[in-house]
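Report on the following structure.
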Amino acid sequence: MEFLSKIATNNGHGENSSYFDGWKAYDSDPYHPTNNSHGVIQMGLAENQLCFDLIQEWVENNPKASICTPEGSNGFKDIAIYQDYHGLPEFRNAVARFMEKVRGNKVKFNPDSIVMSGGATGAHETLAFCLADPGDAFLVPTPYYPGYDRDLRWRTGIQLLPVVCESSNDFKITREALEDAYGKAQEANIKVKGLILNNPSNPLGTVLDRNTLTDAVRFIDEKNIHLICDEIYSATVFNEPGFISVAEIAEEGVVCKNRDLIHIVYSLSKDLGFPGFRVGIIYSYNDAVVNCARKMSSFGLVSTQTQHLIASMLSDDIFVEKFIDESAKRLAKRHGLFTRGLAKVGIESLKGNAGLYCWMDLRRLLKEPTFEAEMELWHVIINEVKLNVSPGVSFHCSEPGWFRVCFANMDDETMRIAVSRIHKFVIQTTELDQAPTRKQYKRRKLEISLSFRRLDEFKMTPRMLSSPHSHMTSPLVRART
Amino acid sequence: MKLLSRKASCNSHGQDSSYFAGWQEYEKNPYDEVKNPQGIIQMGLAENQLSFDLLESWLAQNPDAAGFKRNGESIFRELALFQDYHGLPAFKNAMVEFMAEIRGNKVSFDSNNLVLTAGATSANETLMFCLANSGEAFLLPTPYYPGFDRDLKWRTEAEIVPIQCSSSNGFRITKSALEEAYQQAQNRNLKVKGVLVTNPSNPLGISLSRHELNLLLSFIAAKGIHLISDEIYSGTVFNSPGFVSIMEVLMNKNYVNSPVWNRVHIVYSLSKDLGLPGFRVGAIYSNDKKVVETATKMSSFGLISSQTQYLLSEMLSDKKFTKNYVSENRKRVKQRHAMLIRGLKNAGIPCLESNAGLFCWVDMSHLLSSKTFEAEMELWKKIVYQVGLNISPGSSCHCIEPGWFRMCFANMSEQTLNLAMQRIKSFVNSISESNMNISPNQQYSNKSSRRKSFSKWVFRLSFHDRETER
């Protein structure tokens, strides 16, 4: 007898990808300002750590939200026994209102159409189970978040087919690309059940413009396939042109004749910075999907202890407005710092206005325009420059040389150090002066200098292999990037 | 083109079962001592509400645990960011120690072999995804928890083949029943990947005997298959012979270095023992590294909130608290169980002699108009709508004999339980009265009216001597 199932023994979990080499390098040598200043800086983790002070302050001032404090223990029993998969009404109401606020109150969300899930990870898998049968396919624009390969395919048996987007038009999704992908599926006799959109995009850091979004909705309507809009970065939009949610298009009712095809995935992991609390949301305009997803939510409900906390926090209108505003400001500042830092050594990134990362263009540093060269460059960046960044190939990018770099999961000082390491590396390897002019792509010999470290400004402190002092080890994040 | 998936359009979620229909009726008309004294009393929900005061007092004395603090310092940020699917080490340590404590410390567990999941619901589904391919089968003794139909089969596309147990031997698992089930699966062209048992059993309320556990291990050894032991009620064993975990037998029988060692997996949860179903705390324990590794990756789809992990790691690390809780909780379950038994006896209703669980497996076959499942449904409807008690019919648990019902006793106050007992007694009386033709048009009443009991014929039904297999 085969000991385990096929699902258990295949690679659908996606963790054997070279993508995780970066994580391993970080885990074995994590940067720490005093204990390990030469360690690897984690820039592969799309976390939002910029506004914890605001949240912490709110939690201190609102002990009732933590049901088990003396102030809040009256509600303990009711919360602890509540296992209804509809979720606490106050939780659903608060989440609906929050989602509306993030969209500038341009749309309304019905709390009864809100379904819980085990993070956005659980939400995606659940929607795939609801909408598609094994062997069916979803179309997904490249580059896309690597976790989709696991979330949408692993246990569901569904396929993901790429809608190829290119740098020549800033990776925008074109109707041609959509039709092309759909056509290829038809030829291969693969049934397409839906299209996944990630807006704002991970890894691009851009939002969908109205035309693209409208056209995508028109497309799925014409083909009578589903549209899953992953809007988990919606509150990380920090600049114009601002965020247009698919909800706006759905409510307008002009383009989309059949709202039953539209579903939104949401989460508090990125906007609020709470990945540990596992708050995932499915919002659907299709009642049958809401019902089915809700039954499936039994496999990943949100802890009522957390539901209660979130309900309290997100019902505090004053706090929420202040938070959304301040978070955007800090993200804008951090993004600006980082991209200007890159520009100083002639590194460009895709012009973005959202997300917790940059889509960095390192094509001119490649030995040759191949993915092998990208991998080589990446290993140098991890092992020599000591930055864990994510290579474009792991996002299924069609062109080599692009890297996603996260900037919101560290403090200002660490950011400064990361930028400085990039500076040194670029200066060293391109043999160019520091004029911030736009460089054309040239074939260059990549000189890896082990003397890089001698240029370090920092004190040479003994390297310690142990993680930072906190009681909890630094997150070995594989659940979500 | 069909808009939704097959899974979305079928009935494998199991919610059309009468098990859930009763809950819906309860929701429409829930009993409340003050606001709705004629409402339906919920006896279909296996919750443990008996020991909340113990939890509440611990919380009051340890405010840091829920206030995101450690030693007065805020750790909110670390908790909010902690999404490692290996789980909070302090929590896993506390969990395995708690599990050992419940087993009288006769076994010990390694926290590296523990996988955290969002409730036992998720644990069971995850194990199925790990062990069975689509279309493959697990054998389950009947009667079993109705939720298994959804948890084990729905999205996994696995099958369940029943191991038929009967009242003739107190619903114990026998060798012949196991073999017969295996054969049944073969006949249906289903590959059997394992056996899943609940110990203590839901809905029977009995802990498996050593004999049964040994039988199971020999069986899975012979067939080369897995054994999942769902032990979520392990902390509710209140009487002898006491709880024997599969892990104990595994170790005693020197299976330690055999292949069987790697094929036994335990499911646990804090929903029943601690009464915290809302917090979604489940776990898989396995001696097999690959199972642990795979289940850990799959747990991404249903991790436990770090907020909850932290709170419970503090609570369960308090050994003084856990020791006291485990013993006090047992006492209260025992006491409450005795109350139910007395009330049933008073109404002339026998039940399976049990030593665990938050419910009793009650025999109302003597009240059936005929020994059929249709008659069982008829009786069930009367009990829900006229008597005003939501109890779970045996057919929803796949019991092969009609007339059995599961009645929960730990999810209500003593007064409510008393009222439930009065109602059932009135009901039984009125049946016997109408049968004896005393009041031909007597309506069943669900008021708590006092009535002299003269239903001798009911008491003639003896409590069967349920000889348990040794």
For chain B, find which of [options] contributes the most heavy-atom pairs closer than 4.5 angstrom.
| options | answer |
| --- | --- |
| A:Glu2, A:Arg155, A:Lys295, A:Gln49 | A:Arg155 |
| A:His13, A:Glu125, A:Gln307 | A:Glu125 |
| A:Gly118, A:Ser298, A:Cys292, A:Pro275 | A:Pro275 |
| A:Gly280, A:Ala132, A:Gly300, A:Ala293 | A:Ala132 |

Candidate pair B:Glu78 and A:Phe52, rule side-chain contact (heavy atoms from CB on, under 4.5 Å), full reasoning: CA-CA 10 Å; B:Glu78 288 89 82; A:Phe52 274 119; over 6 Å; no
[X] vs [Y] side-chain heavy atoms within contact, under 4.5 Å:
| X | Y | value |
| --- | --- | --- |
| B:Phe68 | A:Gln56 | no |
| B:Glu27 | A:Asp84 | no |
| B:Lys69 | A:Glu60 | yes |

Structural part of [X] lying under 4.5 Å from a heavy atom of chain B:
| X | answer |
| --- | --- |
| A:Leu268 | neither |
| A:Asp136 | neither |
| A:Val302 | backbone |
| A:Leu272 | neither |
| A:Leu88 | neither |

By salt bridge (charged side-chain N to carboxylate O under 4.0 Å, His left out) - contacts of A:Asp411 (at least two apart):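 Counting only residues at least two positions away or on another chain, A:Asp411 forms no salt bridge (charged side-chain N to carboxylate O under 4.0 Å, His left out).
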Worked verdict on B:Phe279 versus A:Thr306 for side-chain contact (heavy atoms from CB on, under 4.5 Å): CA-CA 8 Å; B:Phe279 288 4; A:Thr306 300; over 6 Å; no
Side chain / backbone / both / neither for B:Glu47 at chain A, heavy atoms under 4.5 Å: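 Interface part for B:Glu47: side chain.
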Chain A contact via B:Trp154 - which portion, at a heavy-atom distance below 4.5 Å: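 For B:Trp154, side-chain heavy atoms alone lie under 4.5 Å from chain A.
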Donor-acceptor contact below 3.5 Å, side chain A:Ser5 vs main chain B:Asn133: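 Between the backbone of B:Asn133 and the side chain of A:Ser5 there is no qualifying donor-acceptor contact (under 3.5 Å).
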Side-chain donor/acceptor of A:His226 to backbone N/O of B:Leu3, under 3.5 Å: yes
Verdict with reasoning, B:Thr308 to A:Ser303, per side-chain hydrogen bond (donor to acceptor under 3.5 Å, both in side chains): CA-CA 7 Å; B:Thr308 300; A:Ser303 168; 2.7 Å; yes
Parallel, tilted or perpendicular: rings of B:Phe52 and A:Phe76 (30°, 60°): perpendicular
From CG (B:Leu4) to NZ (A:Lys193), nearest 0.5 Å: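 If I round to the nearest 0.5 Å, the distance is 7.5 Å.
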Ring centres under 6.0 angstrom apart (A:Phe277, B:Phe76):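 Between A:Phe277 and B:Phe76, the centre distance is under 6.0 Å.
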Taking every non-hydrogen atom, the tightest pair across B:Lys7 and A:Asp133: N-OD1, 4.3 Å
Shortest non-hydrogen separation from B:Arg6 to A:Pro134 and the atoms involved: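 Where B:Arg6 meets A:Pro134 most closely, the heavy atoms are NH2-CD, 4.0 Å.
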Exceeds 12 heavy-atom contacts within 6.0 angstrom, atom NZ of B:Lys290: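 Yes, the 6.0 Å shell around NZ holds more than 12 heavy atoms from other groups.
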